[in-house]
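Here the structure is a predicted model, which is why all the values come from computation and not from measurement. Residue numbers begin at 1 in each chain, while the letters A, B, ... track the order of the sequences.
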Number of protein chains: 2
Amino acid sequence: MRPTTKDLAKAAGVSLATVDRVLNGRAGVRKKTVDAVYEAIERIGFERNQVAATLARQRGYRFGFALPRHGDEFLEEILKRIHEMDRAGRAEMLQADVIRLDDQDPHRAARTLSRLSPEDYDGIAIMAPETPQIRDALVRMQERGIQTVPFVSNQKRLDDQTFVGIDNKAAGATAGRLMARFLGQRGGAILVLTESMQSRDSLERRLGFDSVITRDYPALRVLPTLESHADPLRTAQVLRNAFAAHGDIAGLYLMGPEARIPLEVLRSFPFPPGRVTIAHERTPSTEQALRDGEIDAVISQDPGHLVRSAMRIMRARCENRSTLASQERIRIEVLIAENI
Amino acid sequence: MRPTTKDLAKAAGVSLATVDRVLNGRAGVRKKTVDAVYEAIERIGFERNQVAATLARQRGYRFGFALPRHGDEFLEEILKRIHEMDRAGRAEMLQADVIRLDDQDPHRAARTLSRLSPEDYDGIAIMAPETPQIRDALVRMQERGIQTVPFVSNQKRLDDQTFVGIDNKAAGATAGRLMARFLGQRGGAILVLTESMQSRDSLERRLGFDSVITRDYPALRVLPTLESHADPLRTAQVLRNAFAAHGDIAGLYLMGPEARIPLEVLRSFPFPPGRVTIAHERTPSTEQALRDGEIDAVISQDPGHLVRSAMRIMRARCENRSTLASQERIRIEVLIAENI
DNA sequence: AGCCATTTGAGGTACGTGCCTCAGATTTTC
DNA sequence: GAAAATCTGAGGCACGTACCTCAAATGGCT
């Protein structure tokens with residue numbers, strides 16, 4: 001039989017009440033006694049039964065996903081997974097809901113975060129650009145006792161933070177390598193398009209992409225990044241200009257997470273045979289484009305894993321357990337038409 | 001507040017005991033009463049609190065992974081993940097252990113399975129070739145009330161069965177497409193090596209691989225599959241013969257899950273520039289080979305996801321809940337040096 | 001030695017369900 | 001219509017922990 005708190009009390013030579021005080025970090029226990037309890041924990045191999053603990057807590061865990069208010073298909077995929085988790089989690093007293101953040105004004109976003117109380121949330125997974133306002137809001141949330149996890153978008157300045165998402169530099173490098181290998185002998189220019197270069201994610205992807213191409217493929221040259229600002233007209237315009245300026249465009253790297261608009265716009269341009277196109281994130285649009293041969297590969301991260309991993313991490317933190325790092329690493333996936 | 005069994009009893013106009021009988025499928029309740037309870041479940045939106053249920057059951061869930069007795073690195077990875085899950089699961093009253101099956105004699109393997117009692121295991125995930133003996137053993141286990149899930153190796157004949165693993169035909173097709181695209185304009189012969197063509201998995205991979213190459217790449221021709229039987233000497237011999245017989249070998253497809261021996265043997269042959277090699281499963285050997293440029297891509301399935309998914313599915317079945325199919329689909333991963 | 005603050009013990013209730021017993025009610029069968 | 005078979009209700013104990021209260025013991029201090 002697994003040792004219980006009762007066994008632990010006996011082994012440590014203290015009462016159940018004291019064991020409870022130590023295990024839950026309550027005040028009013030002498031250091032000597034605390035040590036004795038920990039010693040006994042080691043000695044008899046006590047491990048708290050989380051099932052019983054959760055039940056006794058009365059309320060399970062409630063986690064929030066703070067996401068940008070505006071987005072497209074990729075955001076939609078994430079929302080879907082969160083709702084699925086919420087439904088599936090009810091039976092295990094886990095709740096997952098969505099909080100929307102202003103994606104234009106960091107101050108408003110930070111204010112939204114600062115209104116979140118530990119009464120309402122045990123943990124928050126945050127997908128937001130790395131601004132000083134957001135960073136401060138995160139620090140203050142932690143002080144209030146709410147666990148926080150950067151989600152999809154990294155917050156590098158907050159040290160220690162385990163991040164739920166992919167290494168964007170490696171993702172960019174992966175795209176670069178595939179681009180070059182798919183192009184084979186062919187040389188020429190590569191066009192890179194994203195929504196905005198403001199975000200660290202875009203910068204890192206570009207960095208990774210370039211590092212591979214410039215090191216190993218001198219016949220290819222990567223053009224300056226074009227910014228679409230998620231606007232169809234602007235997308236059409238920058239693409240038109242780029243195609244006019246460079247006659248030898250051999251590859252197209254859609255670096256942002258929302259490829260729907262660029263893909264639609266691209267259909268109005270001629271499709272030169274042999275052009276290689278690579279996009280990010282598996283969405284209805286990129287799936288269809290892969291099937292139709294409009295794009296050659298998709299670099300993606302699994303939204304379901306993102307959500308589940310974030311919840312596992314926040315829960316483990318609440319119960320101050322550690323997580324298996326090996327199991328929480330989000331993979332950089334490569335999709336082609338055959339393994340969609 | 002979420003409705004409890006007590007609320008359900010009141011809503012259905014029956015007693016707690018009857019609710020319990022219905023929820024746990026015990027005998028001795030009139031159909032009319034059963035229906036009334038189910039109606040009330042729908043009406044008030046009752047959902048059993050699994051946390052409390054697990055606690056009350058006294059014993060949590062115990063799952064077994066029936067794996068072949070012999071294997072190499074890939075099997076080792078899976079074992080590692082199972083042990084990790086076992087440790088991590090203790091706090092949630094989940095146990096995962098390993099049962100070893102004879103991989104030469106299906107009768108012995110079936111006998112091992114037939115000795116497993118519902119007292120000992122709530123569910124078994126099985127990785128074994130699809131033989132009549134194994135199939136019968138699985139059917140009998142289900143009858144005894146042990147949940148079973150085919151694991152990594154599919155058992156197609158058992159209908160309904162949700163399978164934990166990848167679609168091997170698609171995996172083969174993925175390998176084929178990458179092989180062809182990496183080869184570019186180059187034509188020639190492709191050598192396919194596996195441990196044994198006895199297994200359905202190998203057949204399906206080969207099928208998928210061929211379908212892509214023969215349909216889209218007439219300049220490539222896929223040679224008959226070579227069998228290594230996991231034996232270094234035999235591997236060296238069949239490779240030597242193949243290299244001697246075909247001067248134009250452009251690609252190498254290591255189709256089996258254990259690439260260590262073939263990779264080691266290959267080092268004793270000259271390495272023609274431009275040759276493309278693709279293997280399966282991420283292991284220390286394939287990782288290193290990717291880094292060293294000995295192979296170009298690895299098609300893999302994440303052992304951690306395999307194990308966790310199998311446990312989620314078995315648990316859901318025990319609690320007769322349904323699983324989110326979308327979340328349990330195992331991805332066919334593509335690894336290159338950049339996204340290891 | 002005596003006082004006060006701090007630390008500890010004993011015991012209780014609660015969480016929501018599983019599982020058990022036994023008596024009483026209802027239906028079926030002859 | 002009575003006996004037998006089947007169904008239902010009421011109640012209780014258990015799981016292992018959280019969280020609470022109050023009294024008692026202990027320790028440090030003057």
Side-chain angles (χ1 to χ4, degrees), chain A residues 1-37 40-41 44-61 89-94 122 315 318-321, chain B residues 1-37 40-41 44-62 90-95 119 122 315 318-321:
Chain A
M1 253 357 224
R2 274 181 55 182
T4 70
T5 41
K6 210 182 259 176
D7 301 324
L8 178 55
K10 199 179 302 169
V14 300
S15 71
L16 263 178
T18 299
V19 163
D20 174 63
R21 290 178 186 116
V22 173
L23 285 183
N24 296 294
R26 292 184 235 287
V29 186
R30 252 182 315 180
K31 172 144 191 329
K32 208 172 124 190
T33 314
V34 173
D35 290 343
V37 172
I41 288 178
I44 68 173
F46 170 83
E47 200 160 347
R48 183 208 239 105
N49 183 333
Q50 290 298 351
V51 173
T54 307
L55 182 59
R57 271 182 91 238
Q58 313 275 49
R59 82 202 189 91
Y61 292 101
R90 289 184 56 185
E92 278 152 38
M93 304 175 78
L94 294 176
D122 299 290
R315 174 151 181 218
C318 289
E319 297 170 348
N320 59 64
R321 287 178 302 154
Chain B
M1 251 0 225
R2 275 182 52 183
T4 70
T5 41
K6 210 181 260 175
D7 302 322
L8 179 55
K10 199 179 304 170
V14 299
S15 73
L16 263 177
T18 300
V19 163
D20 173 64
R21 289 177 186 117
V22 173
L23 284 183
N24 296 295
R26 290 185 239 287
V29 186
R30 251 181 318 179
K31 174 148 190 326
K32 208 172 124 190
T33 314
V34 173
D35 290 343
V37 173
I41 289 179
I44 69 172
F46 170 81
E47 201 159 347
R48 183 209 239 104
N49 183 331
Q50 291 297 351
V51 173
T54 308
L55 182 59
R57 272 183 89 237
Q58 311 276 51
R59 82 204 191 91
Y61 292 101
R62 187 158 171 193
R90 287 184 56 184
E92 280 151 36
M93 306 175 77
L94 294 176
Q95 209 175 127
E119 307 286 305
D122 299 290
R315 175 152 180 217
C318 289
E319 297 170 348
N320 59 65
R321 287 179 300 154

Result for 5'-nearest mapping on DNA chain C, choosing between B/A53 and B/R21, is B/A53

Value for CG (B/N24) from CG (B/D20), rounded to nearest 0.5 Å, stands at 5.0 Å

Expressed as a whole number of angstroms, how long is the span from [X]:[atom1] to [N]:[atom2]?
| X | N | atom1 | atom2 | answer |
| --- | --- | --- | --- | --- |
| B/D7 | C/dC15 | CG | C1' | 14 Å |
| B/K32 | D/dT8 | NZ | P | 9 Å |
| A/K6 | C/dA10 | NZ | P | 13 Å |
| B/R57 | C/dT17 | CZ | P | 15 Å |
| B/I41 | C/dT17 | CD1 | C1' | 14 Å |
| A/R90 | C/dG16 | CZ | C1' | 15 Å |
| B/R59 | D/dA14 | CZ | P | 20 Å |
| A/K31 | C/dT8 | NZ | C1' | 18 Å |

In sequence, state the C-alpha distance, the side-chain angles, and the governing distance for B/R315 and B/R321, and then conclude on side chain to side chain contact (heavy atoms under 4.5 Å, CB included). CA-CA 8 Å; B/R315 175 152 180 217; B/R321 287 179 300 154; 4.0 Å; yes

Closest to side chain of [X], choosing from [options]:
| X | options | result |
| --- | --- | --- |
| A/T33 | D/dG16, C/dG16, C/dT8 | C/dT8 |
| B/F46 | D/dC19, C/dC19, C/dT17 | C/dT17 |
| A/L55 | D/dT17, C/dC15, D/dC7 | C/dC15 |
| B/A56 | D/dC15, D/dT8, C/dG9 | D/dC15 |
| A/Q58 | C/dG9, C/dC15, D/dA18 | C/dC15 |

Please determine whether a side-chain nitrogen or oxygen atom of [X] lies at a distance below 4.0 Å from atom OP1 or OP2 of [N].
| X | N | result |
| --- | --- | --- |
| A/T4 | D/dG16 | no |
| B/S15 | D/dA10 | no |
| A/N24 | D/dA18 | yes |
| A/R26 | D/dC19 | yes |

Ranking A/R30 and B/M93 by the position along DNA chain D of their nearest nucleotide, the one closer to 5' is B/M93

Per nearest nucleotide of DNA chain D, the residue lying toward the 5' end, B/A27 or A/Q50, is B/A27

[X] near the nucleic acid: base, sugar-phosphate alone, or nothing, with a heavy-atom cut-off under 4.0 Å?
| X | result |
| --- | --- |
| B/V51 | nothing |
| A/G60 | nothing |
| B/D20 | base |

- Query: In whole Å, what separates the P atom of D/dC7 from that of C/dC30?
  - Reply: 16 Å

Requested in this report: Let me see the working for A/E47 and A/R2 under side chain to side chain contact (heavy atoms under 4.5 Å, CB included), right down to the final yes or no.
Outcome: CA-CA 8 Å; A/E47 200 160 347; A/R2 274 181 55 182; 3.9 Å; yes

With distance as the sole criterion, is a donor-acceptor pair present between the side chains of B/R48 and B/N320 under 3.5 Å?
no

Heavy atoms of B/L23 and B/I41 approach each other most closely as CD2-CD1, 3.9 Å

Paired with A/V22, the side-chain contact (heavy atoms from CB on, under 4.5 Å) test is passed by just one of A/V37, A/L8, A/T33, namely A/V37

